[in-house]
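Working notes, beginning with the structure itself.
Residue numbers start from 1 in every chain, and the chains themselves are labelled A, B, ... in the order their sequence lines are given, proteins ahead of strands.
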Amino acid sequence: MALAPENQPLKEIPPKAADLSAWYTAVCIKAELVSYSPVRGCVVLRPYGFGLWENLQKELDARFKATGHENAYFPLLIPESLLTKEADHVEGFAPEVAWVTHGGSEKLTERLAIRPTSEVIIGTMYAQWVESYRDLPILINQWANVLRWEKATRPFLRTMEFLWQEGHTAHANAAEAREETLRMLEVYREFAETVAAIPVYSGAKSASERFPGAVETYSIEALMPDGKALQSATSHDLGQNFSKAYDIDFTDADGLIKHAYTTSWGMSWRMLGAMIMTHGDDRGLRIPPKLAPVEAVFVPIVRGGDDRAVQRAKELAAALRIEGFRVRVDDRDETPGYKYAHWELRGVPVRIEIGPRDVDAQNVVLVRRDKTRGDDDHKTVVSENALAGALRVALDGVHATLHAQALEFLGSHTFVLQDRAAFFAACKNRDGMIDIAWCGRAECEAHVKAETSATTRNTHPLRGGETTCIACGEPATQRAYFAQSY
RNA sequence: CGGGACGUAGCUCAGCUUGGUAGAGCGCUUGCUUUGGGAGCAAGAAGUCGCAGGUUCAAAUCCUGUCGUCCCGACCA
C-alpha cells in the first residue's frame, strides 16, 4: 500500500531506523547544516547550521547573564610551559593537543599549543587579577573555538575544531565553587529540556570519567535512538587544583593568603548533534522551535496566473516579524510539493500554506512538522488576523511534542535492574540507560567496560534500601547510569 | 591507531573482471506551459575519473604510494 505523500521517506536520506549513522550524516549534509572541508575532521558550518548555533548561543548566553556572568575572550595559543603546570590536566589532553612550532619559517623557542580548552590560560590571567577576597568571585564565560586532535570524527558529535562556550569562575571558598558548578549544571539541564526539547539525566561523573584536573565533574547525558548515551554538557568543580598550579591566590578577610576555588563548564555544538539525532525522522530534521533558524515558512500557491498569494504571504510575514517571529517566504519558482519536502528536510517547525482560496477567505493553513496526515491537527485553517496567536500555539505545540516523544523514549529505554546477568546483557545489547546500584569502584567500571563496552554516564544518590553493587556485589555507595556512549 | 568498504558531472551511481581515450538518472541553464505533496515539453552546459608515481603503443580500468569519506573496534574534556 502506498504511503500518503506526506509520510513518504525523502529521496535524499535513508530511513532513520535502518542505519542511524548513515541517516545522521545524510541529514547534516542534505539539510545544509554542514559541509565537509578540505581539512580532515573539520566541517564548515553553513548558514543554516550557524543559525542553529546562533539560537543556542542566544538562549544560553541569556542564562549565563542572568546568573551573573560576563563574556570575555582569551588567546587561542597557549605556551607549552603554561600548559604543563597542572600534571593531570596535561596528561589528560596530551594526545589531542596540536602544536604551533613555527612562526613563518622561524622555529619557535617555545611551542604553542592550540587550546583544547582554556583552563590554563584563563587561570594564569586570574592569578594576575585576584589579590583580595573582594576580587572574588570572578564569573567569566567565553564563546570560542577549540581544537582537539581526534582520530574519528563526525559532524557536530566529534570534530577536531569545534565551537563551544566555556565558563570559568574563581571563588573564595569550596562551598561557593561547588554551588556554582551545580548551578551551571542545572542551567544546562534546563536549557536541554526547554530549548532543545531533550530530556537528560544530570549527575556526577565517576572518577574515571572526570575532567583531567577536576575534583568533581558533572554532566547531562541524553539518550540517542541507537541506545547510546551522548554527553551533552559538563560542569567541573576544579577545587584548588588549578589555583595551586597557576597561583590564583588572594588575601582573605582573616588576613590569610589562600588559594581560590575554580570551576569550569561547557556546552559545544555537539548539543546540536544530540538535537538532530533525537528529534529527526525519515523526512529529515525536526528542529525545536526555539532553536529553529526559521520558525515558519510561507509557501504561497500560484494558480492559473493568480499570484496574489505571494504578495499576501510577504505582507503576513512582515507582520509576523514585527511580532518577533523568525519567518520566511519561499517564493521560488518551484512546485508547492517540492517546497514542502525541502523545508521538512530542514526541519522548519511550521509551514504556512496560502493560496488564492485562502487569500479570498483571508485565511492561511498552518501545518506542523510534528504531525502527519491522519493527525487531527496536522493542518489547521487560521484566519489572517488570528495568525500570530495560532503560530505561537503551533510552535509551542511542536516543542511539546518533540519533548514528549524524547521523554517517552528515554523513559522506555531506561532500565532499573537488580540482576547481574540482566545488567551485563542490557549493557552489551545497548538497550539504553541502565540504572543500577553501584559500588563506585574504578575496577568495577573497568570490568563492565571490558565485558560490554558500556561505562558509567553519571551517578545519582541511592534511593535507600540498596545494599550491593549490581555489577560486582561489593557494597553499593550510589546509583549509576551505565550505557555505551558516543 | 587496527579491520573492512568506497572515491567517476552539483547529487546518486554504471563503466573496471577482459586496458583502446567517459555514460545514465536526478539536478543545473534558457524558453514555453505549469503550481493546494517532490511538474511537463524542448534545447543546452557541465567531469584533470581524489591525488602522485609506475607498467604499457595506450590507464577510469592493472600495480604502488598517498589523501579523504563511511562502517566496526581502540582511544577520547
Side-chain angles (χ1 to χ4, degrees), chain A residues 2-14 19-26 29-30 35-43 88-97 115-120 146-155 157-158 160 162 164 166 205 208-214 217-219 231 233-236 238 264-268 270 283 299-307 309-310 330-345 351-359 363-365 367 372-373 378-379 381 449-450 453 455 484-486:
Chain A
L3 290 169
E6 50 269 71
N7 297 335
Q8 282 173 9
L10 286 190
K11 296 171 186 170
E12 289 92 338
I13 56 176
D19 182 348
L20 185 66
S21 287
W23 174 90
Y24 176 80
T25 304
I29 301 292
K30 300 296 183 179
S35 275
Y36 287 113
S37 74
V39 190
R40 182 183 75 81
C42 295
V43 296
D88 289 343
H89 189 63
V90 199
E91 194 182 329
F93 277 106
E96 322 186 58
V97 173
R115 64 177 165 221
T117 179
S118 301
E119 274 73 10
V120 167
V146 289
L147 189 77
R148 297 177 187 180
W149 210 260
E150 299 288 352
K151 294 164 184 171
T153 60
R154 307 184 64 193
L157 300 177
R158 173 166 286 116
M160 298 222 306
F162 58 93
W164 77 346
E166 47 181 325
K205 284 289 200 182
S208 65
E209 295 280 330
R210 213 171 271 155
F211 178 70
T217 288
Y218 299 86
S219 73
Q231 177 176 298
T234 50
S235 186
H236 314 291
L238 305 174
S264 68
W265 26 274
M267 176 182 283
S268 75
R270 184 181 232 201
R283 300 187 61 74
V299 177
I301 286 107
V302 176
R303 268 198 171 283
D306 179 352
D307 63 353
V310 176
D330 186 351
D331 60 353
R332 293 176 299 168
D333 185 19
E334 299 286 354
T335 61
Y338 175 88
K339 293 176 183 176
Y340 298 166
H342 178 90
W343 293 109
E344 281 169 3
L345 169 61
R351 177 173 77 238
I352 305 175
E353 302 177 5
I354 176 169
R357 292 203 302 265
D358 302 303
V359 174
N363 286 332
V364 296
V365 179
V367 187
T372 53
R373 187 161 68 181
H378 173 221
K379 294 192 176 190
V381 177
K449 183 178 183 183
S453 77
T455 53
Q484 295 186 32
S485 72
Y486 272 91

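In a base pair of the Watson-Crick type (N1 to N3 plus N6-O4 or O6-N4) or a G-U wobble (N1-O2 and O6-N3), with each distance short of 3.5 Å, B:rU35 is matched with no nucleotide. Figure legend. B:rA58 is base-paired to no nucleotide; pairs are counted as Watson-Crick or G-U wobble with both atom distances under 3.5 Å. The partner of B:rA9 cannot be assigned: no Watson-Crick or G-U wobble pair with both contacts below 3.5 Å exists in any strand. Summarising the base pairing, B:rC16 is matched to no nucleotide, lacking a Watson-Crick or G-U wobble pair whose two defining distances lie under 3.5 Å. Pairing for B:rA22 is absent, judged as Watson-Crick or G-U wobble with the two contacts each under 3.5 Å. With a 3.5 Å ceiling on both atom-pair distances, the Watson-Crick or G-U wobble partner of B:rG65 is B:rC51. In this entry B:rA45 has no Watson-Crick or G-U wobble partner, no candidate having both defining distances under 3.5 Å. B:rG73 is paired with B:rC1 under the criterion used here, namely a Watson-Crick or G-U wobble arrangement in which both key atom distances are under 3.5 Å.
Side-chain contact between A:Arg270 and A:Gln231 is present, with heavy atoms from C-beta onward closer than 4.5 Å. Between A:Trp149 and A:Pro116, the closest side-chain pair of non-hydrogen atoms is not below 4.5 Å. Looking at heavy atoms from C-beta onward, A:Glu353 lies in side-chain contact with A:Ile301 at the 4.5 angstrom threshold. The side-chain heavy atoms of A:Met160 and A:Glu96, taken from C-beta on, include no pair separated by under 4.5 Å. For the pair A:Tyr36 and A:Val43, the minimum side-chain heavy-atom distance is below 4.5 Å. Looking at A:Arg158 and A:Lys151, their side chains never come closer than 4.5 Å, going by heavy atoms from C-beta outward.
Here B:rG38 presents its C1' atom at 9 Å from CZ of A:Arg283, a figure rounded to the nearest Å. If you take CG of A:Asp306 and P of B:rU34, they are 13 Å apart, rounded to a whole angstrom. When the C1' atom of B:rC11 is taken as reference, atom CD1 of A:Ile29 falls 12 Å away, rounded to whole Å. One interatomic measurement links the two molecules: CZ of A:Arg332 to C1' of B:rU35, which rounds to 14 Å at whole-angstrom precision. Atom CZ of A:Arg303 is separated from atom P of B:rU34 by 12 Å (rounded to the nearest Å). Summarising the geometry, the separation between CD1 on A:Ile301 and C1' on B:rG37 is reported as 10 Å, rounded to the nearest angstrom. As a whole-Å value, the separation of A:Leu147 CG from B:rC76 P is 18 Å. Look at CZ on A:Arg158: it is 13 Å from P on B:rA74, rounded to the nearest Å.
Using C1' as the reference atom, B:rU8 and B:rG15 are 9 Å apart when rounded to the nearest Å. Only the P atoms considered, B:rA45 is 15 Å distant from B:rU30, to the nearest whole Å. Here, B:rC63 and B:rG23 have their P atoms 25 Å apart, quoted to the whole Å. Here the separation of B:rG7 from B:rC49, taken at their P atoms, is 15 Å to the nearest Å. B:rU48 and B:rC11: their P atoms are spaced 13 Å apart (whole Å).
Which of B:rA74, B:rG36, B:rG37 sits closest to the side chain of A:Lys151 comes down to B:rA74. When distances are taken from the side chain of A:Lys30 to each of B:rG37, B:rG36, B:rC11, the shortest belongs to B:rC11.
Not one N or O on the side chain of A:His236 forms a donor-acceptor pair closer than 3.5 Å with the backbone of A:Thr217.
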Can you give me the N/O atom pairs linking the protein to nucleotides 39-43 of chain B at distances under 3.5 Å, or say none if there are none?
unit_1: B:rA39; atom_1: OP1; unit_2: A:Thr335; atom_2: OG1; d: 3.1
unit_1: B:rA39; atom_1: OP2; unit_2: A:Thr335; atom_2: OG1; d: 2.4

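Side-chain atoms of A:Arg351 stay outside donor-acceptor range of the base of B:rG36, with no qualifying N/O pair under 3.5 Å. On a pure distance criterion of 3.5 Å, no polar donor-acceptor pair joins the side chain of A:Glu344 and the base of B:rG38.
Among A:Tyr340, A:Trp343, A:Tyr338, the one residue that satisfies the side chain to side chain donor-acceptor pair (under 3.5 Å) test with A:Asp330 is A:Trp343. Partner of A:Ile354 under the side-chain contact (heavy atoms from CB on, under 4.5 Å) criterion, chosen from A:Val359, A:Asn363, A:Val299: A:Val359.
Across all strands shown, A:Phe211 has heavy atoms under 4.0 Å from sugar-phosphate atoms exclusively, and none from any base. Nucleic acid contact for A:Val365: base, since at least one base atom lies under 4.0 Å from a heavy atom of the residue. A:Gln231 comes within 4.0 angstrom of a base, heavy atoms only. Contact annotation for A:Gly355: base contact, defined as any heavy-atom pair under 4.0 Å involving a base atom. Here A:Trp149 lies out of heavy-atom contact (under 4.0 Å) with every strand. Here A:His236 lies in heavy-atom contact (under 4.0 Å) with sugar-phosphate atoms only. Using a 4.0 Å heavy-atom cutoff across all strands shown, A:Lys449 reaches sugar-phosphate atoms only and no base atom. Residue A:Lys339 is classed as having no contact, given no heavy-atom separation below 4.0 Å to the nucleic acid. Nucleic acid contact for A:Gly304: sugar-phosphate only, since backbone atoms but no base atoms lie under 4.0 Å from a heavy atom of the residue.
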Using a 4.0 Å cut-off on protein heavy atoms (strictly under), produce a 5'-to-3' string for nucleotides 65-70 of chain B with B for base contact, S for backbone-only sugar-phosphate contact, and - for none. ---SSS
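In terms of position on RNA chain B, the residue among A:Trp164 and A:Tyr340 whose nearest nucleotide sits closer to the 5' end is A:Tyr340.
Using bins of under 30°, 30° to 60° and over 60° for the plane-to-plane angle, the ring pair A:Phe93/A:Phe211 lands in the perpendicular bin.
Side-chain contact, A:Ser118 with A:Glu166: a donor N or O sits under 3.5 Å from an acceptor N or O.
Here A:Thr25 contributes atom OG1 and A:Leu157 contributes atom CG; the two are 8.5 Å apart, rounded to the nearest 0.5 Å.
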